[in-house]
Amino acid sequence: MNTNQPVTYLTTEELALRLHYAPRYILNCLKDSVLFEGIHYIKPFGRRKILYLWEAIERDMLTSSALEVPMIPMAHGGICHG
C-alpha cells in the first residue's frame, strides 16, 4: 500500500458490518482464499488479532466485480454490456 494514503484498519466484526457478512463467514471462507495476509489483512506485532485493510479490500472487490461483468465485443472495438 502507498504510505501517503490513509489506511482504515477494521476488526473482523467491523468488516462484517461493512460487507453484510457474518464474522464467522469472513474467518472461515474469505480469509486466506480471497483475503490474503499482507495485502488485505495484517496481524500486528505477530499476534493473533487480525486487522483488515479496508482500502485494499474495497479496491479488489471493485476490480473483481468489473471483471465479472459480461461483455460482448462489437465491430470497431466497442463492447456491449450484455
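With values rounded to the nearest 0.5 angstrom, I57 atom CD1 is found 7.0 Å from L10 atom CG. A distance of 9.0 Å separates CD of E55 from OH of Y9, quoted to the nearest 0.5 Å.
Summarising the geometry of R59 relative to I39, their closest heavy-atom pair is NH2-CG2, 4.1 Å, with the distance given to 0.1 Å.
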Derivation of the side-chain contact (heavy atoms from CB on, under 4.5 Å) call for Y41 and I26: CA-CA 12 Å; Y41 71 90; I26 292 171; over 6 Å; no
Any chance you could lay out the side-chain contact (heavy atoms from CB on, under 4.5 Å) test for L53 and H40, step after step, and finish with the verdict? CA-CA 5 Å; L53 310 172; H40 302 107; 5.9 Å; no
Under 3.5 Å, sequence neighbours excluded: what are the donor-acceptor pairs made by side chains of residues 42-52?
none

Please tabulate, one pair per line, all N/O donor-acceptor pairs under 3.5 Å involving side-chain atoms of residues 12-24, not counting sequence neighbours.
residue : atom : partner : partner atom : Å
E14     : OE1  : T11     : N            : 2.8
E14     : OE1  : T11     : OG1          : 3.4

